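Encoded as structure tokens, the structure appears first; notes follow it.
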Amino acid sequence: SSEADGEGKKEVYKIGAIYSKTGPGSPLGEPEWNATELLEKQINDEGGINGVPVDIILADDESTPEKATEEMNRLINDEKVLAVLGSTTSGASLAMKGIAMDSEVPLISAGAAVGIVSPAEESKWVFKTPHSDAHAVERVYMYLKEEGLTNVAILADSNAFGASGVEQLEALKGDYGIKIVANESYNTDDADMKTQLTKIKSSGAEAVIVWGTNPGPAIAAKNMKELGMNIPYIGSHGIANQSFIDLAGDAAEGVIIPTGKLLFPTQIPNDDPQYKIISSFYDSYKDEYGEEPTNFGSYGYDNIMLVVEALKSGAKDQEAIRDYLENKVKDYVGATGIFTFSPKDHNGLKADSMVLAEVVDGKWMFKK
Amino acid sequence: MSSLLQVKNVTKRFGGVVANRNVSFTIDEKDITGLIGPNGAGKSTLFNMVSAVFPPSEGEIWFENHKIDSLPSHKIAPMGISRTFQNLQVFKKMTVIENVMVGLHTRTTSSLAAAAFRFPRSRKEEKFIYENAMEVVNFVGLEDILEVDAGNLPLGKLRLLELARALATKPKLLLLDEIAAGLNHQETLEMSDLILKIRDQGVSIFVVEHDMDLVMKICDKIIVLDQGEKIAEGTPKAVQNNQRVIEAYLGASDEEELTV
Amino acid sequence: MVRKGVQSFSWKGIAVFSILIILLPFIFSSSFYITKATFAGIYTIVAVGLGLLMGFAGQISLGQAAFYGIGAYSTAILTTTYGLNPWMTLVISLAAPALLAYLLGHTMARLHGYYLAMATLAFGIVIHVLLTEWKSVTKGASGFFGIPKIELFGFTFRQGLSYYYLVWACALIVILISLNIIHSRIGRALRSIHDSEVASSAMGVDTGKYKMQVFIISSMFAGLAGWLFAHMSYSISPGSFGLNGSILFLTMVVLGGATSIWGAVCGALLISAISIVVHTAGSHVSFITSDFEQVLYGFIMMLIVIFLPQGLVPAFSSKLKKITQSSVRTNKIPTIGTVKGDQNV
Amino acid sequence: MTSSILEIKDVSYSYGPIKALDHISFEVNKGEIVALLGANGAGKTTVLKNISGLLKPTAGQIFFENEEITRLEAEKIVEKRLILVPEHRQVFSTLSVIDNLYLGAFHHYKKSGKKEIEQDIEKVFGLFPILKERKDQLGGTLSGGQQQMLAIARAIMSKPELLLLDEPSLGLAPLIVKEVLNYVKQLRDEFEVTVLLIEQNVSASLKIADRGYVMSHGSIIKQGDSINLLNDPEIKEAFLGHTVS
Amino acid sequence: MNDSIQFLISGLTIGSIYAIVALGFVTIYSVTKVINLAQGEFVMLGGMTFFSLLKLGIPYFIAFLLTIVIVMAIGWLFEWAVIRKAKGADPLSLIILTIGTAIFIRGIAGVIWGKNSVKVEPFTNNEPLNVLGASITPQSVWVMVFMLLVVMVLYFLIEKTMLGKAFRACSVNPAAARLMAISPRKMSSLSFALSAGLGAIAGLVIAPIMFPSYDMGIMLGIKGFSASILGGLGSAPGAVIGGLLLGVIESLGAGYISSGIKDAISFGVVLMILLIRPFGLLGEKNVGKGGL
Ligand SMILES: Nc1ncnc2c1ncn2[C@@H]1O[C@H](COP(=O)(O)OP(=O)(O)OP(=O)(O)O)[C@@H](O)[C@H]1O
Ligand SMILES: Nc1ncnc2c1ncn2[C@@H]1O[C@H](COP(=O)(O)OP(=O)(O)OP(=O)(O)O)[C@@H](O)[C@H]1O
Ligand SMILES: [Mg+2]
Ligand SMILES: [Mg+2]
């Protein structure tokens with residue numbers, strides 16, 4: 001991706017991107033990585049930004065903060081990039097945040113943890129695009145409230161993704177009058193969760209919220225069926241993909257999740273402002289890689305597009321890009337949602353960027 | 001003359017096997033005491049208890065007014081007991097001189113911190129260790145191979161090295177377990193001279209040995225074990241002529257038999 | 001006459017090494033290399049401690065990353081949550097692992113070989129779970145963030161050259177201390193334990209005591225490394241202190257050669273070098289994708305063990321000795337079937 | 001005419017830079033007991049290890065029953081019933097005495113069948129009754145001498161044609177030494193086992209041996225009938241002392 | 001009450017898997033004294049190969065057997081191409097070697113099969129059975145049946161046959177073993193093939209329970225290793241007891257205390273047990289000081 005180097009002083013916009021292509025975060029990082037590669041090509045094929053090509057230097061942090069630190073230093077000091085995108089996991093993103101703040105380079109993360117951008121005053125150079133877990137949780141709680149379910153159980157992955165979800169589930173339960181009657185967790189590579197589910201079963205929960213990425217939630221769904229539990233199963237946006245349904249099979253039926261709209265570009269109403277972006281991104285991604293981009297692909301997409309937006313507007317250095325992001329991104333329509341950044345909010349999404357989906361006949365269906 | 005080591009009614013069991021049964025004896029200062037007996041009589045076991053490798057099942061062992069039978073084995077050397085091993089236990093990956101220097105461990109005291117920061121005291125001690133080790137090495141005659149890794153030495157040298165290492169602790173009582181095993185005649189002779197020389201420096205010696213020539217030549221007193229029990233004790237001459245000993249151990253003292 | 005094994009190591013080795021360390025940033029000035037080298041320095045500190053433990057006390061640890069983590073989290077929590085000065089928390093970062101090692105060492109004194117490995121592995125996992133689950137203190141799986149930088153007389157150590165020199169200064173001190181130890185009576189006592197524990201204790205070496213002392217020292221080194229790591233990064237997360245980390249340290253020591261202090265140093269450098277090679281290969285050869293890096297990494301590890309089974313330093317010790325003078329050699333003799341103790345690693 | 005069962009031709013061996021054997025040649029005839037003598041480090045053990053295949057000569061050839069075995073693996077050589085009782089016993093320390101004995105019969109286990117092997121075990125128990133008493137004790141917990149007995153017994157279980165014994169009397173009580181050496185003689189006389197023996201106990205070994213070779217620094221410096229060697233003044237000087245005790 | 005039975009059944013199922021993996025460790029260790037930390041990768045290869053064969057349309061039972069054969073061949077190859085080449089290495093270096101190999105195999109698996117989990121159909125109809133109010137799937141029963149089968153065969157092999165004695169002889173004293181006409185090389189190859197086979201079986205029975213993926217070997221390897229140590233290295237029955245115990249403690253810990261710290265509980269218990277029994281539950285103490 002750095003072929004432009006040899007050809008003298010031709011102007012290019014250098015942007016760095018660090019995602020977890022390998023390691024435990026790779027199910028999340030791979031779509032982000034792919035989306036970034038795809039967009040670099042698309043942008044340059046269309047003649048670059050105001051005629052200037054972009055050069056995105058992709059680096060794999062192997063899901064570790066150490067590698068992320070090394071790559072971050074390389075991108076900023078050796079490659080002298082204008083901005084850095086990533087990383088996938090919260091741990092790596094936080095490590096990169098420290099460097100971004102020190103070196104005054106804008107960073108747009110795809111990590112889940114709220115700490116990456118809050119408090120915003122202490123995160124001057126850092127932004128993030130993923131649905132905040134808070135939004136996902138609000139969506140879920142709103143639904144539960146409508147259904148009249150108040151006693152819920154949590155079953156979450158013990159990794160950063162799960163932990164971040166649990167944090168919000170705990171934080172927001174009061175606002176919706178929800179009672180958490182069981183709070184269980186599992187390890188990413190656990191083979192069986194019947195023990196946790198048995199506990200949940202006896203806890204009197206009216207619904208179970210499972211927070212994790214594949215294959216854990218699929219195992220949970222299967223185990224629930226085996227235990228004869230038929231209380232509603234609410235998942236996270238981490239399983240907004242076909243492979244969850246493939247793995248869980250029958251057990252996936254009726255599972256409800258909060259998700260970005262990228263999950264079903266054809267089902268969202270035509271008049272949805274995101275309709276165009278989502279369907280074109282979805283199609284080109286699927287053409288290129290033969291799989292669906294998932295919610296994580298949309299983070300990769302928005303991360304790069306936000307920087308492109310800044311460059312388009314004429315921002316030419318780190319400072320200007322940051323300022324643009326903080327002050328000029330208003331009602332910007334992305335793949336994940338509609339962003340409005342401000343000095344107080346570096347995530348910029350509202351709960352309505354998420355919708356609910358349900359598995360019906362082995363397919364994710366738009367619920368509301 | 002006072003007794004240095006007292007073994008009182010010692011019994012040792014390994015599961016069902018009784019390796020030593022009610023054994024008592026004493027070792028006197030500046031004496032060479034021999035311990036003989038058929039294979040499996042319990043000699044090494046007795047040795048191991050005196051050197052505190054494991055405690056007796058019953059009975060007591062006293063060394064110079066201290067009861068030592070339940071001490072951990074590393075507390076024995078500082079009291080003045082040192083030993084060699086039947087199945088050699090040299091430090092194979094260390095050089096000859098280093099092996100001997102380990103023997104001086106108990107005669108020095110500098111701590112880990114002193115060593116870590118190279119306090120002057122630690123450096124002075126290092127010098128002391130080196131010089132004393134050299135002295136012992138010269139004494140047993142290993143000075144030509146100071147820097148050879150012990151693992152590369154032939155058996156004869158290994159026996160000497162074990163001896164040197166034991167001597168480096170400045171023992172009052174030296175335990176030698178089959179020190180001449182595997183040595184040829186010439187080497188055995190040299191070894192017995194060496195042992196006598198060590199005794200002359202005032203060290204008491206306790207030997208287990210199957211080489212009767214050696215035993216009879218150097219020992220002041222001999223103790224005979226059979227099936228874990230003491231069956232005889234006395235001067236070499238007395239023991240040699242003891243009928244029980246002949247039956248159990250020596251066999252009819254006749255070479256002719258062999259050539260039948 | 002060369003007096004090997006006597007506390008005789010010259011300063012030459014250390015001097016040459018120090019000069020190399022000082023000059024390195026001028027040769028490889030890119031930020032990437034300096035960051036790598038800074039991490040390598042931190043790992044060196046842990047690896048040297050682990051090398052002491054493995055090569056000299058003959059004990060294996062599959063939980064060294066736990067001590068590293070305790071050092072890091074102690075300082076992170078105390079400086080961030082309680083606002084203490086990093087220099088003050090340095091003491092805690094050293095003392096907390098030491099205390100834990102002391103408690104643990106007593107209970108582990110009875111274990112040998114793979115059983116000891118298992119116990120340390122278990123300990124490592126328990127600590128890792130604790131770091132992940134004790135959310136009110138450690139902020140859980142996402143990581144602890146907002147750790148302040150170290151300052152000295154108004155100078156702030158930030159990632160880059162200044163931190164590189166800070167880390168390597170610490171590493172040099174650690175190396176020096178370790179060299180001093182192994183060339184002392186205690187070092188010899190330790191090595192003797194490795195060859196024959198029975199004979200060693202018959203010579204009056206209190207094997208338990210020295211094993212314990214080395215265990216504590218190695219945990220303190222790991223704690224120091226943790227302290228450096230925490231203040232280098234803005235954040236730390238439990239993932240850095242799990243089994244992977246422990247295995248990484250173990251790998252460094254084994255590849256470099258456990259029987260020499262320089263072995264651990266070289267091991268730490270080697271691992272970083274391998275990852276640079278793999279990284280560079282990745283950016284030049286198109287089929288070495290990011291996914292392929294692990295394959296290559298595993299492959300190189302295999303090659304090193306196969307072709308240099310004693311580790312890098314012992315294998316090249318004759319050549320290296322000219323430079324360092326003080327590396328302890330280990331001439332492994334091909335003993336045929338000596339009846340060894342059973343499970344001793 | 002006696003035929004040679006073992007022939008060593010010009011064999012050399014080095015441990016890295018250390019030359020342990022320097023163009024050694026000798027032979028052993030069928031039915032003989034031959035003693036290999038020499039000071040510590042002369043290279044005796046190295047010779048036996050080369051013959052048994054544990055070490056491979058750096059030069060030269062070795063023939064067993066007129067067949068070259070120089071490059072054969074140790075485990076194949078055993079199958080030809082050329083059996084070594086190694087220096088320092090080498091019993092299987094964590095296996096019981098009886099299992100040690102069974103393993104001696106490993107290479108002919110299928111051929112001989114369980115019954116015959118059990119009979120053999122009874123036979124060696126007859127020779128070393130203590131082993132029978134301790135048959136379930138672990139090899140490593142036997143006393144030094146008991147281990148030596150076990151090593152010899154195990155070799156007998158292998159049904160040797162040619163038995164190589166490396167210091168079999170090491171650590172044995174005088175009474176047992178005599179018994180063992182007598183048994184070696186008996187093996188030869190009754191079972192026609194050929195024996196090549198290393199002994200520090202030179203006088204005793206020469207008494208049962210027919211011939212002997214004397215090694216020094218990796219070479220053979222003397223050879224001859226036992227009687228001649230026993231009376232050789234140099235040998236007396238070096239190994240036997242002035243008075244044969 | 002029902003809960004505790006459910007916890008127990010879950011624990012036994014998962015414990016049986018640990019046990020089979022642990023038996024793989026035992027097999028190799030009891031011949032070569034090598035702790036093969038790539039054992040978990042054999043399990044992964046079992047699961048993933050089975051998946052691929054099924055996807056190719058090969059009948060279920062044939063795919064099952066074929067998987068075992070293929071993984072055994074890989075185990076044999078691993079010994080031949082890697083372990084055997086590292087002659088002079090001490091046990092610790094060998095551990096690192098096996099870790100390196102594990103990373104290598106995992107890396108290749110990641111390239112071949114991708115990073116996603118896959119799904120394998122259960123052996124038989126998988127309608128859960130009801131046992132004392134707790135539910136157990138037929139596949140869990142299969143897991144236990146295979147575990148028992150494997151341990152019985154292995155126990156017989158190691159304790160009762162000449163081959164088993166030869167195995168143990170190689171581990172105590174390979175040079176002396178050669179003098180008994182036992183080829184430590186052959187035994188070593190055999191043990192690796194055998195233990196790869198065990199890994200494959202573990203992978204096969206577990207595939208329908210957990211969704212196999214290229215990196216499932218790490219966790220199973222560690223748990224299997226722990227189980228084999230807990231039971232006492234080298235002891236086949238010990239490995240089984242260790243595995244079951246580990247599984248049950250984990251499950252009860254998650255059930256009655258907290259699922260978040262279930263690993264801390266189970267490994268804490270392992271630590272305790274080792275302190276009381278430093279050589280594992282059924283492990284034999286080092287040989288006494290008899291021959292000093
Ligand atoms: N750990 C043990 N377990 C069981 N029996 C043992 C153990 N150690 C020693 N024995 C037995 O105790 C007896 C005495 O053994 P010991 O080693 O003391 O004999 P020894 O007199 O030194 O014989 P040798 O001259 O052959 O070396 C032997 O029968 C031996 O088998
Ligand atoms: N593994 C080894 N590495 C290096 N040198 C060795 C090795 N084994 C033996 N040697 C050397 O080879 C020479 C011959 O040794 P060997 O063991 O054959 O002698 P030996 O005649 O059997 O002596 P002993 O009577 O002591 O058993 C000796 O100088 C010895 O130091
Ligand atoms: Mg003895
Ligand atoms: Mg010899």
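The sequence lines fix the lettering, A, B, ..., with proteins before strands; numbering per chain opens at 1. Quick caveat, the model's predicted, so the values are computed rather than measured.
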- Examine C:Tyr102 together with C:Phe215 and report whether their ring centres are nearer than 6.0 Å. no
So what's closer than 4.5 Å to chain E heavy atoms on [X]: side chain, backbone, both or neither?
| X | result |
| --- | --- |
| C:Val295 | both |
| C:Leu130 | neither |
| C:Leu243 | side chain |
| C:Ile125 | side chain |

Could you tell me whether the side chain of [X] and the main chain of [Y] form a donor-acceptor pair under 3.5 Å?
| X | Y | answer |
| --- | --- | --- |
| C:Ser237 | C:Gly143 | no |
| C:Tyr115 | E:Leu233 | yes |
| C:Ser246 | C:Leu62 | yes |

What part of [X] lies closer than 4.5 angstrom to a heavy atom of chain C: side chain, backbone, both or neither?
| X | result |
| --- | --- |
| E:Val82 | both |
| E:Lys115 | side chain |
| E:Ile273 | neither |

Between [X] and [Y], a side-chain donor and acceptor under 3.5 Å:
| X | Y | result |
| --- | --- | --- |
| C:Glu197 | C:Ser200 | no |
| E:Ser195 | E:Thr27 | no |
| E:Ser189 | E:Arg84 | yes |

Pick whichever of [options] has the most heavy-atom pairs under 4.5 Å with chain C.
| options | result |
| --- | --- |
| E:Gly268, E:Gly110, E:Ala264 | E:Ala264 |
| E:Ile229, E:Ile218, E:Ile108 | E:Ile229 |
| E:Gly260, E:Ala177, E:Gly280, E:Ala86 | E:Gly260 |
| E:Leu97, E:Val270, E:Leu37 | E:Leu97 |
| E:Ile105, E:Ile261, E:Ile96 | E:Ile96 |
| E:Ile265, E:Leu271, E:Ile35 | E:Ile35 |

- Which heavy-atom pair separates C:Phe56 from C:Arg191 by the least distance, and what is that distance? CD2-CG, 3.3 Å
- Contact check, side chains of E:Asp215 and E:Met44, non-hydrogen atoms, under 4.5 Å: no
